[in-house]
Amino acid sequence: MRERPTFPARLDLSLGQARTQKTALTGVLPQGLGLDSGAVRMNMVGKLVNQGLTDPLVIAAMKNIERHRFVDSALVNQAYKDTSLPIGLGQTISKPSVVARMLELLRHGTAGKLGRVLEVGTGCGYQAAVLSLLANEVYSIERLRGLHDKARGNLRHLHLANLHLLFGDGMLGFASGAPYAGIIAAAGGEAVPHAWVDQLAEGGRLVAPMAAGAGRSGQQALVVIDKTLQGVRQTVFEAVHFVPLKSGIA
Ligand code: SAH
């Protein structure tokens, strides 16, 4: 029988802080599976904060969304490590520090939530869930039917009314939802598709991994594009490693 796994009774609590927190709480609260997952997740976010994550909304959203529910049962004990993990069909869920970094760049200090946001590459749906807590409306598009369906299943329990999952080629963006306050891509191509820049609102920001330099080397960097009344400004940030952005559906 293939059923969604529940959280395992034992997680690798590698940091003292989580262990202390768990010990402190065991006396007062019933020992549930959720309690273990919560402590380990707080620990993960604590590490991200130590590494420089400051945006309070991103911090709260990453504390809130249970990453272990988005990975396969065999990988659940790695869900709160800062590592990317396979999600099937040759794709990966990004590592938490990269998700946090990109979301922080996308929000760039916006007070309150962003307006409408487009995510290209739903994958398992984890980042889409986090995003749904940071924006009024999220459109997330995936080109692989298998992952689109998987994300739908993973997200069902969260009942996120402002998150819309779409099956299609995200290289074309999603014109019906435009203009977007933010566009974020979880797959990297040779260049930023024109459709994305066209569908960005004035004052909007796009964050995506893109080929750095000639592209042949397979090197990627995070690119931020700001669209203003005066035009489009592109800034290149640190090197990253994402799965390729592909055209068409499959
Ligand atoms: N944010 C995702 C990461 C998924 S990996 C998560 O949290 O799991 C990137 C995803 O982008 C893959 O699922 C891949 O199939 C998808 N992708 C690649 N090119 C795409 C395109 N043109 N349109 C939509 N999705 C695309």
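By convention here, the first residue in the shown sequence is residue 1. Counting starts at 1 for both ligands and their atoms, in listed order.
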What closest approach, in Å, do V240 and P209 show between heavy atoms, and which atom pair accounts for it?
CG2-CB, 3.9 Å

Check side chain to side chain donor-acceptor pair (under 3.5 Å) between S176 and all other residues, then give those that pass, not counting sequence neighbours.
none

Distance from K95 atom NZ to L85 atom CG, nearest 0.5 Å?
11.0 Å

Among all residues two or more places apart in sequence or in another chain, which pass the salt bridge (charged side-chain N to carboxylate O under 4.0 Å, His left out) test with R101?
E238

The salt bridge (charged side-chain N to carboxylate O under 4.0 Å, His left out) partners of K227 (sequence neighbours excluded) come to none

Dump all N/O pairs between ligand 1 and the protein below 3.5 Å as a table: atom names plus distance, one pair per row.
| unit_1 | atom_1 | unit_2 | atom_2 | d |
| --- | --- | --- | --- | --- |
| ligand 1 | 1 (N) | G121 | O | 3.4 |
| ligand 1 | 7 (O) | Q127 | N | 3.2 |
| ligand 1 | 8 (O) | C124 | N | 3.1 |
| ligand 1 | 13 (O) | E142 | OE1 | 2.7 |
| ligand 1 | 13 (O) | E142 | OE2 | 3.3 |
| ligand 1 | 15 (O) | E142 | OE2 | 2.6 |
| ligand 1 | 19 (N) | K246 | N | 3.1 |
| ligand 1 | 22 (N) | D169 | OD1 | 2.9 |
| ligand 1 | 22 (N) | K246 | O | 2.6 |
| ligand 1 | 23 (N) | G170 | N | 2.7 |
| ligand 1 | 25 (N) | R143 | N | 3.3 |

Is the Lys NZ or Arg CZ of R145 less than 6.0 Å from the centre of F167's six-membered ring, within 45° of the axis?
yes

